[in-house]
Asker: 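Have a look at the structure that comes next, please.
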Amino acid sequence: GAGGRILQIEDAATVFLSSTLLSNGAATDGANVWMSGPSTVLFISDSSVYSGDATGLGGGVYCANGGTVLLESGRIGDNTATSGGGLYLDDCLFNSFAGSTVDAVCPTGGSGVVCNVAASTGGGIYATNGSSVNLIGSAAAPATVAENDADEGGGLYLTGAGTTADATDAWIVDNQGSFEGGAIYARAGASFTMDIADPDCRGSRCSLMRNNFSAIAGGVGGAIAADSGADVVVHQTTLTGNNANVTGSVVFAEDPGTTV
C-alpha cells in the first residue's frame, strides 16, 4: 500500500513475481521495487508492477550496481518519477519479452512497459552507466514500450558510453517526449538499435515505431532524438505517424560524432 517502498532486493538475492500485483509504493527512489548489487535478480511473470510514485528515480523499479530485471510477461505500468517513470537502470540489465499488438489503454491496460510518466527524463525507461536494455518480441507478441510520457525520452532515455538498447520485433508506440525524443532520446555515447529477427517478416506487425511525438512549442525528434555522440541504427522497421512541433518528426540529430 501507499506510504512506503514495497520490495527491496540486495545481497545477491533473486525474487520471482508470478501472478502478482505489486502496487502503490512510495519512496524517493524505487517506489515499488529498489534493487542493488551484482547478482540481484527480479523475475516478473504474468504480474504487474504498477502505480508506484517516486519523488526521485524509478517509480516502478530502481536498479543499480549490476542487477538484472527480467519481464517475461505482464506489465510495468502507471508509475511516476522524476526520471525513469517505469524503470531507472544504473549499470543494470533489463530484458523484456512482454507486449501485445493490442494498444494499451491507460492507466490499467496493456502489456510491457506502458503508461508511465517521468516529470523530466525517461518516461518508460531511463538507462545510464553502461546499462543494457533488450526488447525481445515476436511477430505475434512484440515487446512493447507504449503510452509513456516525459519531457525528454518519452519511451526510453539512454545516456552514457556503453549504455545500449536493442529492440528486436518490438513496438515503440504512442509515447511523448514533450521537448525532445518522443520514443527515444539517446545521448552522450549511448546506442540504440531496432530491427527484426526474421528477415521474412515484413510490415508493422514486426518492428514498429508509431505515433510518438514531441508536441509542445520547441519540440524536436518526434520519434528519435540523438546528440552528444550517440549512435542510432533502425533497420527493417515501420516508422509512421510520428510528429514534432518544430523539426525532425522522425529523427532529430545534432553534435559531432552522433550517427543515425
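For this chain, numbers begin at 1 and follow the sequence in order. Heavy atoms only: backbone and side chains are in, while hydrogens, waters and symmetry mates are out.
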Asker: Ser207 pairs by side chain to side chain contact (heavy atoms under 4.5 Å, CB included) with which of Thr168, Thr237, Val234?
Answerer: Thr237
Asker: Roughly how far, to the nearest 0.5 Å, is the CG atom of Asp169 from the CG atom of Asp195?
Answerer: 8.5 Å
Asker: Given Asn95, which of Asp166, Asn134, Thr68 fulfils the side chain to side chain donor-acceptor pair (under 3.5 Å) condition?
Answerer: Asn134
Asker: Is the shortest heavy-atom distance from the side chain of Asp227 to the side chain of Phe252 under 4.5 Å?
Answerer: no
Asker: For the residue pair Thr80 and Asp53, confirm or rule out a side-chain donor-acceptor distance under 3.5 Å.
Answerer: yes
Asker: Any side-chain heavy atom of Gln236 within less than 4.5 Å of one from Cys206?
Answerer: no
Asker: Do you reckon Val33 sits in the same ILVMFWY cluster as Val117, going by side-chain contacts under 4.5 Å, direct or chained?
Answerer: no
Asker: For Pro142 versus Trp171, what's the shortest heavy-atom pair and its separation?
Answerer: CB-CD1, 3.5 Å
Asker: Tell me whether Ser214 contacts the main-chain N or O of Gly219 through its side chain, where contact means a donor paired with an acceptor under 3.5 Å.
Answerer: no
Asker: How long is the gap from CG on Leu87 to CG on Asn116, to the nearest 0.5 Å?
Answerer: 7.5 Å
Asker: How many angstroms lie between CE in Met35 and CG in Leu7, if you round to the nearest 0.5 Å?
Answerer: 9.0 Å
Asker: Suppose the criterion is ring pair (Phe, Tyr, Trp, His ring centres under 6.0 Å): which pairs have a residue in residues 67-102, not counting sequence neighbours?
Answerer: Tyr62-Tyr88, Tyr88-Tyr126
Asker: Could you name each residue pair satisfying salt bridge (charged side-chain N to carboxylate O under 4.0 Å, His left out) that touches residues 24-44, not counting sequence neighbours?
Answerer: none
Asker: Return yes if some donor-acceptor pair links the side-chain N/O of Arg5 with the main-chain N/O of Ala27 below 3.5 Å, else return no.
Answerer: no
Asker: Measure the CD-CG distance between Gln176 and Asn211 for me, rounded to the nearest 0.5 Å.
Answerer: 12.5 Å
Asker: Taking all non-hydrogen atoms of both residues, which atom of Ala188 and which atom of Thr159 are closest, and how far apart?
Answerer: CB-OG1, 3.7 Å
Asker: Test of understanding: clusters of I, L, V, M, F, W, Y form through side-chain heavy atoms closer than 4.5 Å, transitively. Do Leu22 and Ile44 belong to the same one?
Answerer: yes
Asker: Which atom pair, heavy atoms only, marks the closest approach of Gly74 to Ser111?
Answerer: O-OG, 3.1 Å
Asker: Side chains of Asn175 and Asn212: any donor to acceptor distance under 3.5 Å?
Answerer: yes
Asker: Please list all pairs passing the salt bridge (charged side-chain N to carboxylate O under 4.0 Å, His left out) test where one or both residues lie in residues 208-218, with sequence neighbours left out.
Answerer: Asp103-Arg210, Asp174-Arg210
Asker: Taking the side chain as every heavy atom from C-beta outward, state whether Ile184 and Ile172 have any pair of such atoms under 4.5 Å apart.
Answerer: yes
Asker: Do Tyr50 and Ile76 share a hydrophobic cluster (ILVMFWY, side-chain heavy atoms under 4.5 Å, transitive)?
Answerer: no
Asker: On a heavy-atom basis, which atom in Ile216 and which in Asn245 lie closest, and how many Å separate them?
Answerer: O-CB, 3.0 Å
Asker: Under a single-linkage definition using a 4.5 Å side-chain heavy-atom cutoff for Ile, Leu, Val, Met, Phe, Trp and Tyr, are Val69 and Val15 assigned to the same hydrophobic cluster?
Answerer: yes
Asker: Distance-only, no hydrogens or angles: does the Ser47 side chain make a donor-acceptor pair with backbone N or O of Thr20 under 3.5 Å?
Answerer: yes
Asker: To the nearest 0.5 Å, what is the distance between CD1 on Ile125 and CG on Leu135?
Answerer: 5.5 Å
Asker: Nearest heavy-atom pair of Ala118 and Gly85: which atoms, and what distance?
Answerer: CB-N, 3.9 Å
Asker: Can a donor-acceptor pair be found between the side chains of Ser120 and Thr82 at a distance below 3.5 Å?
Answerer: no
Asker: Main chain of Gly25, side chain of Asn32: is a donor-acceptor contact present, judged purely on distance under 3.5 Å?
Answerer: yes
Asker: Would you say the side-chain atoms of Asp231 and Thr259 include a donor-acceptor pair closer than 3.5 Å?
Answerer: yes
Asker: How many angstroms lie between CG in Asp46 and OG in Ser73, if you round to the nearest 0.5 Å?
Answerer: 5.0 Å
Asker: I'd like to know if the side chain of Asn65 pairs up with that of Ser36 as donor and acceptor (distance under 3.5 Å, no hydrogens or angles considered).
Answerer: yes
Asker: Can you tell me if Asn148 uses its side chain to pair, donor with acceptor, with the backbone of Cys115 under 3.5 Å?
Answerer: yes
Asker: Under a 3.5 Å distance rule, please check whether Thr258 uses its side chain to pair with a backbone N or O of Gly229 as donor and acceptor.
Answerer: yes
Asker: A side-chain contact here means heavy atoms from C-beta on lying under 4.5 Å apart; do Ser178 and Asp149 qualify?
Answerer: yes
Asker: Under 4.5 Å between side-chain heavy atoms, hopping through other hydrophobics if needed: is there a path connecting Tyr185 to Val251?
Answerer: no
Asker: If every non-hydrogen atom of Gly123 is compared with every non-hydrogen atom of Ala150, which pair is closest and at what distance?
Answerer: N-CB, 3.4 Å
